[in-house]
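The structure appears right after this line, and notes come after that.
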Amino acid sequence: MTRFLCTPGGRIAGSLRVPGDKSISHRSIILASLAIGRSHIRGFLQGEDSLNTIRAFRAMGVEIARDGDRVEVDGVGMRGLQAPADDLDMGNSGTAMRLLLGLLAGQQFDSCLVGDVSLSGRPMGRVIDPLQAMGAVIDSSTGGRAPLRIHGGKPLHAIDYDMPVASAQVKSCLLLAGLYADGETRVREPAPTRDHTERMLRGFGCRVETDGAEIRLAGGQSLAACDVDVPADISSAAFFLVAASIAPGSDLQLRHVGINPTRTGVIEILRLMGADIELLDPREIGGEPIADIRVRSARLHGIDIPPELVPLAIDEFPVLFVAAANASGQTRLTGAEELRVKESDRIQVMADGLATLGVDARPQADGIVIEGGSYGGGRVDSHGDHRIAMAFSVASLRADGAIEIDDCANVNTSFPGFVGLAREAGIGIEADDA
Ligand code: S3P
């Protein structure tokens, strides 16, 4: 059980590079494994989630060499994966499980995807149902939960699909299955979601068309090896965007951050709240927009979060709730019921933790209402959710007392080295591994 102990107060300053983007790291291993030839990846996230993806592809016969954040993948081609000897353990990662499910549905061999307690409770019907409509045969536990047993050797047919939820994982799952299907797969999303899969598929030489809300891809294409430069993860940078915004006297630079417009909802929401965030030297590397970000403290005020920004900031709400607790007035979030099926129920778990600190936070079915103001310290439970643990450590910057956060080991799934980097930036945090 890892516990974070955070002393109150502090100021955020310096220049940091947070670890590589989790979404892009997963996709780089998946596509490089399916390509013909050797791909080089740099800036790879050395977190438990993306390392599990490497393990899964090694278990399917792909040679992958890693030296820190540099990875070399000898792709085996679209038909070169081998049957794994054991179940594929995706740990805590919904992205890995949902994307691999689409890929495995198109293989000749049987396989089984498993995960930890949190992942085993998350809904997989959203990917199982359309895959079954394509011809896949998948057994799941009650309610469409993992373990997921995939029967290989089933021919897949292209699907024309209106996604009921705005989910990049569902879209990416179906595009990966679509590579193995006969015909053209068409997927329409109800709202824009992160488009890293489409961008990276193009980088690997695959034709993918985007036409408004519709994404189209023809089956039977092959991929050619490609080098990938993984930007720093804006979802990890988000903790410091909020930290520097709320801690008086702060001035921080975050280097080489991915600013793909399908991911920058956090910046837009913070700016609407009055944050002082500047994008410096915007550039494009390997098909993904990148910038350095300067953030200085500002007086935040509460807002009604525009619902269209929700999918563009879906992973950043735990720390945005901390921003709201430090803003003057009320912040209201609606249209965010998806937060209830993330690594934890992020609406309830954040509301409980904020209430412990004395914040007036009222959970709603699809969001939350938070009254900003001062708050104290206390002991909160992250429920093993990495982003909740990190969000409450940011809250300590403005708390009147110390904050203890339980169950923090999963911070390593997305942000290895968080405690060291947070201390360097100015958060009074220590990890206790008792
Ligand atoms: C991700 C998509 C999002 C996000 C997750 C990463 C991805 O999930 O929450 O952390 O890499 O495709 P949903 O597709 O469920 O919204």
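Owing to the predicted nature of the structure, the values given are computational and were not obtained by experimental measurement. Ligands are counted one by one from 1 in listed order, and the atoms in each one are counted from 1 as well.
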Note to self: Is it true that Asp182 and His157 share a donor-acceptor pair across their side chains at a distance under 3.5 Å?
What the structure shows: yes

Notebook entry, point to check: Can an N or O of Arg27 be found at a distance shorter than 3.5 Å from an N or O of ligand 1?
Noted result: yes

Margin query: Within the structure, is a non-hydrogen atom of His26 found at a distance of less than 4.0 Å from ligand 1?
Written below: no

Notebook entry, point to check: With no hydrogens and no angle check, is any side-chain donor or acceptor of Ser39 less than 3.5 Å from a backbone partner on Cys226?
Noted result: yes

Margin query: So for ligand 1, is Glu338 a polar contact partner (N or O within less than 3.5 Å, distance only)?
Written below: no

Check: Judged by modelled atom types alone, do Arg263 and Ser235 share a side-chain donor-acceptor pair under 3.5 Å?
Finding: yes

Notebook entry, point to check: Looking only at heavy atoms of Lys171, does any of them come nearer than 4.0 Å to an atom of ligand 1?
Noted result: no

Next item on the list: Please determine if Ser172 has a nitrogen or oxygen closer than 3.5 Å to a nitrogen or oxygen of ligand 1.
Entry: no

Item checked: Parallel, tilted or perpendicular, as decided by the 30° and 60° cut-offs, for the rings of Phe418 and Phe240 -> tilted

Notebook entry, point to check: So is Ala168 polar-close to ligand 1, meaning N/O to N/O under 3.5 Å?
Noted result: yes

Notebook entry, point to check: Counting both backbone and side chain atoms, is some N or O of Lys22 under 3.5 Å from an N or O of ligand 1?
Noted result: no

Margin query: Can you give me the closest heavy-atom contact between Ala243 and Ile427, atom names plus distance?
Written below: CB-CD1, 4.4 Å

